[in-house]
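Comments concern the structure below.
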Amino acid sequence: MDIKNTPEKLLKPYNPQETENRLYSTWEESGVFNPDVCIEKGYTAPDAEPFSIVLPPPNVTGTLHTGHALMLVIEDIMTRYARMQGKRTLWLPGTDHAAIATQSKVEKIIEKEEGKRKTDLGREEFLKRVEKFAQDSHDTIVGQARRMGASLDWSREAFTLDEKRSFAVRTAFKKMFDEGLIYRGHRIVNWDPKGQTVISDDEIVYEERKAKLYTFKYSKDFPIAISTTRPETKVGDTAVAVAKDDERYAQYIGKEYDAVFCGVPIHIKIVADESVEKEFGTGALGVTPAHSQIDAEIAQRHNLPTKQVINEYAKMMVGGENLLGKKTTEAREVIAQWLRDEGLMEKEEEVSQNVSTAERTGAIIEPLPKLQWFINVNKPIASHSGKTLKDLMLEPVKDGKIKIVPEQFERVYMHWITNLRDWCISRQIWYGHRIPVWYKGEEIFCGVEAPEGDGWTQDEDSLDTWFSSGLWTFSTLGWPEITEDFKTYHPTAVLETGYDILPFWVARMILMSTYLLNDIPFKTVYFHGLVRDEKGRKMSKSLGNIVDPITLIDKHGTDALRMAMIVGVGPGNDSNLGEDKIKAYSKFANKLWNITRFVLENTQEIDRENLPALDTEDQQTADELDALLKEITGEMNEYKFYLVTEKLYHYSWHTFADVIIERSKAKIAEKRNSESAQRILIEILPKLLRALHPFMPFVTEELWSLIPEGKNGRMLIVEKWPCSL
RNA sequence: GCGCGAUUAGCUCAGUUGGUAGAGCAAUCCGUUUACACCGGAAAGGUCGCAGGUUCGAGUCCUGCAUCGCGCACCA
C-alpha cells in the first residue's frame, strides 16, 4: 500500500499532549463556544431551538477535584450533543464566592502563615486578601476546565459576587423583604463558636460519638429525675416537661419549684407537653429554652421564660467561680461531680449520640438564641395567589414540569421540602453579599441602593452563599434586566449537579425562580454520583487517596479520562475511578487513530464523486450501523451516556475493527468486491467520529481534520450528529 | 425510628419492556510485527445475597429476610 499520502502524524501513536491544548485553542479562537458566533457563521440556524446549561459554579476555594471533572464531562457531552443537533447552544461558565467556605480557608492560611486573625487585619484588608485568593483560585479553575475540553462560552462568564450578580441579589432581597417573606427574628440558631457565625441546618455534619447520659434530680426535694448528656445547660432550665398521660407525674403538673443547682438559683415549672415520650429515660425532660430548638418550642407553647447561660464562645455565663467563664465541656464535669457529691446523681451510662458539628470549621454547634434574618417558607404570598414558598417549590416537581433524573430523587426532594423550616440567611462573616438593610435609630431601610442622607449604618451581616446561587440560572443571563439572553435561554434545559447538593442548591433555585420569575429554572435535573477511588472509598485528605484530574490527563489524555468517567456509570450512581480503566480508554483513542490510518491508506484511489454500489454483505453492515445510531440517539435523549459510550466502544473495536476491517483486508487483497469494501469503510468512519465526538472531543476532532470530510468542511465540533430521530 | 440504594465471573461493574447471563481489568493458551504489541484469536471462569410467590418461562415483577452503604429525623 502506498504510504506516501498518509498524514505523517498517523504513523506514530496518538499523542494527546501534542493535540489537546492546540485543538482547544482552535475551538476557542474560532468562537464556536458562543452561540451568537455559530449563528453568524451559519453553523446554527437563527431560529434554532435554544439549549442552555449554566455551569454549577465551582467554589473559589482552590482547585477542581474529580467531582468537578465529572460534572464538566457530563455537561460538555450534553452541550456538544445539542450543538451537533443544530440547537442554539449555550453553556455558561462561572464561579461561586462560597462565602463561609472561602473566608474560613483564607483565615486558616493567614493564621498558619502569619499567625494573625482576621480581626488583626480589619474588614477591608482581610477582604482584599480573600479577593486575591479567590482570583487565584478562579484562574486555576478556569485553566483546569479548559484542560477537560469544556466547550464553555467564556465571553459570558459570571461570578456570584460580581457587580451584576450583586445587583440581582439586592433586587431579589428587596422584593422578598417588601412582601414580608424576609424577616428578622430572635430564634434558636445553629451557632458555630469557632467560626463565630450562624450556619444553616444543611451545613451541619453529624458525627457519632460516645457520651455520658446522666440521670439526676435538681435538688433533694425535687420530685422528678431527668436525664441529659449536657448537665451544664441545666442551669438554664425553666421547666420540666412530662407526657400528658403519664400517671407517675400527673400529680406534679402545674406545680413550681425553686432550687439551687450547683450554686445557681433556678425556678422550675412542671408542664405537660405532647413532644415528651414516656418511655425515653425517666419520661421527664428538663426544658432549656435558650439552648435547644425543641425546648424553645416547648417553652413557647407554655409561655416559659428563656434564660441564656452559654455565650458565643461556648463558655458559661452564670454561676460562681466554679462555673462562670468555663468552657461547656469543663462545666459539664464540674456539675457532674457536684451531683455525685450531693448524692443527686442516680445513674451514669455510656451512650452513643450524634453530635452536630459545623461542616467548615468542625466545631461543635452550640444552639443559641440570636437575632437573625430568615426567609419565611410558610407564609401565604399575595402575589402568588396565597401560595407559600413551600408550595412554589413542590408544585413544578409534582406536576412534572421539572423532571429529576434518576427519578428516585424526586421523592427525596419532596421529603426534604415538606420538612423544610424557615431558612436562616444571615451570616456573621465578612466575605459575601452584605445584607441590603440600613438602620438609623428606630428606622429601617431596605433597598437596592443605600438610602439618601446621613446617619444610616448598614447591617453588619452578610448573606448565606446559597441566596446568590439560588438566582444563578437567571442572574447569569442578566436579570433583573430582561435581556435577549434571558428571553432566549431561560428556563435552562438541564441542571446537572451532584446529588449531595439537592437540598442546598436545587431546591433554592426552584424557590427563587418560581417566586421571582413565576417560571421554573430548568426543565430537567440530572444528578451524578460521587467519584470514589478504585477501591470504592470516598476520596479524602485523611486517606490520602485524592486524585487530581489534571495529573490523570497529563498521563493518559483528556479523552481517556472522560470515557473512563462515563462508561457504565448511570445517573446518580457512585463510581470508582481506577487508573486501569483510564488506560483502557487511552488505548481506545489509539485504536481509533489506527482505524483511521487503515481507512485512509486503503481508500485513497476510490472515486468519491462516483461511489460504487455496496454488495449485500456490506449493505447489511451499513444498515446495522444506522440501526445502532438510531438506538444510541434515543439513549442520548434519555441521558443514558453510560450505555451509548459502551456501545460505541464495542462497535468501534469489535465490529468495525475486528470484523469489518478484517473482512475488507481479505476482499481488497483478493479483489473480491473490493470497491464495496472500500466504500463501507469511508461511510462508517465519519459517522463513528461524529457519534464519538461529544465523549472524546479531541481525538475525534484531530482525526476529522485528516479525513476528506474534515479537510474540506467545517470542524467536527459544529458538524451534524449522525442520526436524526 | 423513617426512607433510598446496593448484593451478578478473582476485582470493578453493565444487563432498557421477563425469553436459560455480558464488558473492562487480572489470570491461561495460541498467533501476528506492512492499521494498531496501546494487536489478533481461543478457551476458562457465575446455583445472578437468601427464602417464598406470580408466570409456559424470573438476574429482571411481587412479598419477606439478611448483609453493606447513604440520606433524613431523634438524640431528655
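In what follows, every chain begins at residue 1, and chains take the letters A, B, ... in the order their sequences are listed.
When rounded to the nearest whole Å, the span between CG of Asp580(A) and C1' of rA26(B) equals 8 Å. Between Phe527(A) atom CZ and rG71(B) atom P there is a gap of 15 Å when expressed in whole angstrom units. One atom, NZ of Lys665(A), and another, P of rU33(B), lie 11 Å apart when rounded to the nearest Å. Note: CD (Glu410(A)) to P (rG3(B)) measures 19 Å, nearest angstrom. Going from atom CD1 of Ile660(A) over to atom P of rC36(B) covers 19 Å, rounded to whole Å. A straight line from CD of Glu601(A) to C1' of rU34(B) spans 8 Å, rounded to a whole angstrom. One atom, NZ of Lys583(A), and another, C1' of rG24(B), lie 13 Å apart when rounded to the nearest Å. Here the C1' atom of nucleotide rG24(B) and the OH atom of Tyr585(A) are 6 Å apart, to the nearest Å.
The listed nucleotides are rC75(B), rA23(B), rA35(B); the one nearest the side chain of Lys591(A) is rA35(B). For Asn354(A), taking side-chain heavy atoms from C-beta onward, the closest of the listed nucleotides rC36(B), rA73(B), rC38(B) is rA73(B). Of the candidate nucleotides rC36(B), rG40(B), rC4(B), rG40(B) has the atom nearest to the side chain of Asp658(A). The side chain of Lys587(A) lies closest to rC25(B), out of rG69(B), rC25(B), rC36(B). For Lys647(A), the listed nucleotide lying nearest its side chain is rU16(B); candidates were rC36(B), rG41(B), rU16(B). For Arg421(A), counting side-chain heavy atoms from C-beta on, the closest listed nucleotide (rA35(B), rG41(B), rC74(B)) is rC74(B). Each of rA35(B), rG40(B), rA14(B) was ranked by its minimum atom distance to the side chain of Leu643(A); first place goes to rA14(B). Of the candidates rA35(B), rA23(B), rG40(B), the closest approach to any side-chain atom of Phe598(A) belongs to rA35(B).
No engagement by Thr282(A) is indicated, since no non-hydrogen atom pair under 4.0 Å with the nucleic acid exists. Residue-level contact check: Asn573(A) touches the backbone only, with heavy atoms under 4.0 Å from sugar-phosphate atoms and none from bases. Nucleic acid contact class of Val276(A) (heavy atoms, under 4.0 Å, all strands): base. Among the heavy atoms of the strands lying under 4.0 Å from Glu662(A) is at least one base atom, whether or not backbone atoms are also near. Within 4.0 Å of Thr228(A), counting heavy atoms only, lie sugar-phosphate atoms of the nucleic acid but no base atom. Within 4.0 Å (heavy atoms only), Gly286(A) reaches no atom of the nucleic acid at all.
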Evaluation steps, side-chain contact (heavy atoms from CB on, under 4.5 Å), between Val569(A) and Ile566(A): CA-CA 5 Å; Val569(A) 182; Ile566(A) 296 300; over 6 Å; no

Show the numbers, then the answer: is there a side-chain contact (heavy atoms from CB on, under 4.5 Å) between Thr19(A) and Lys9(A)? CA-CA 11 Å; Thr19(A) 312; Lys9(A) 62 176 71 157; over 6 Å; no

Given Leu552(A) and Glu579(A), is the side-chain contact (heavy atoms from CB on, under 4.5 Å) satisfied, shown in steps? CA-CA 8 Å; Leu552(A) 294 173; Glu579(A) 214 161 331; 4.2 Å; yes

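In this structure, rG19(B) forms a base pair with rC56(B), meeting either the Watson-Crick or the G-U wobble geometry with both donor-acceptor distances under 3.5 Å. Searching all strands for a Watson-Crick or G-U wobble partner of rA35(B) with both distances below 3.5 Å returns nothing. Across all strands shown, rC72(B) is found opposite rG1(B) as a Watson-Crick or G-U wobble partner, with both distances under 3.5 Å. Taking a pair to require two hydrogen-bonding distances under 3.5 Å in either a Watson-Crick or a G-U wobble arrangement, rC29(B) pairs with rG41(B). Judged by Watson-Crick or G-U wobble contacts below 3.5 Å, the nucleotide rC48(B) has no partner.
Applying side chain to side chain contact (heavy atoms under 4.5 Å, CB included) to Ile268(A) and the options Ile224(A), Ile226(A), Asp237(A) leaves one that passes, Asp237(A).
For the P atoms, the distance linking rG40(B) with rA35(B) amounts to 13 Å, nearest Å. Nucleotides rA26(B) and rG64(B) have their C1' atoms positioned 38 Å apart, rounded to a whole Å. rA73(B) sits 29 Å from rC62(B) when the P atoms are compared, rounded to a whole Å. When the P atom is used for both rC48(B) and rU60(B), the distance is 10 Å, rounded to whole Å. Straight-line distance between the C1' atoms of rG46(B) and rC11(B): roughly 14 Å, to the nearest whole Å. For rU16(B) and rU67(B), the P atoms lie 28 Å apart once the distance is rounded to whole Å. Between the C1' atoms of rG45(B) and rG3(B), the separation comes to 38 Å (whole Å). Only the P atoms considered, rA14(B) is 15 Å distant from rC61(B), to the nearest whole Å.
Contact check, His654(A) against rG24(B): a side-chain N or O comes under 4.0 Å of OP1 or OP2. Neither OP1 nor OP2 of rG3(B) sits under 4.0 Å from any side-chain N or O of Arg411(A). Contact annotation: Tyr642(A) does not reach the phosphate of rC13(B) (side-chain N/O to OP1 or OP2, under 4.0 Å). For Trp653(A) and rG40(B), the shortest distance from a side-chain N or O to OP1 or OP2 is below 4.0 Å. OP1 or OP2 of rA73(B) sits under 4.0 Å from a side-chain N or O of Tyr206(A). Put simply, Asn576(A) has a side-chain N or O that comes within less than 4.0 Å of OP1 or OP2 on rC13(B).
Below the 3.5 angstrom threshold, one finds no donor paired with an acceptor across the side chain of Lys581(A) and the base of rC25(B).
Nearest-nucleotide positions on RNA chain B for Ala657(A) and Gly570(A) put Gly570(A) closer to the 5' end. Both Ile294(A) and Leu10(A) lie near RNA chain B, and the one whose nearest nucleotide falls closer to the 5' end is Leu10(A).
No side-chain N or O of Thr238(A) forms a donor-acceptor pair with one of Lys269(A) less than 3.5 Å apart. Under 3.5 Å, the side chains of Arg663(A) and Thr621(A) contain a donor-acceptor pair of N or O atoms.
Judged by distance alone, with hydrogens and angles left aside, the side-chain atoms of Asn594(A) form a donor-acceptor pair with the main-chain N or O of Asn590(A) at under 3.5 Å.
The pair Asp246(A)-Lys278(A) does not meet the salt-bridge criterion, since no charged nitrogen lies less than 4.0 angstrom from a carboxylate oxygen.
The two residues Leu368(A) and Ile310(A) come nearest to each other via the heavy atoms CD2-O, 3.3 Å.
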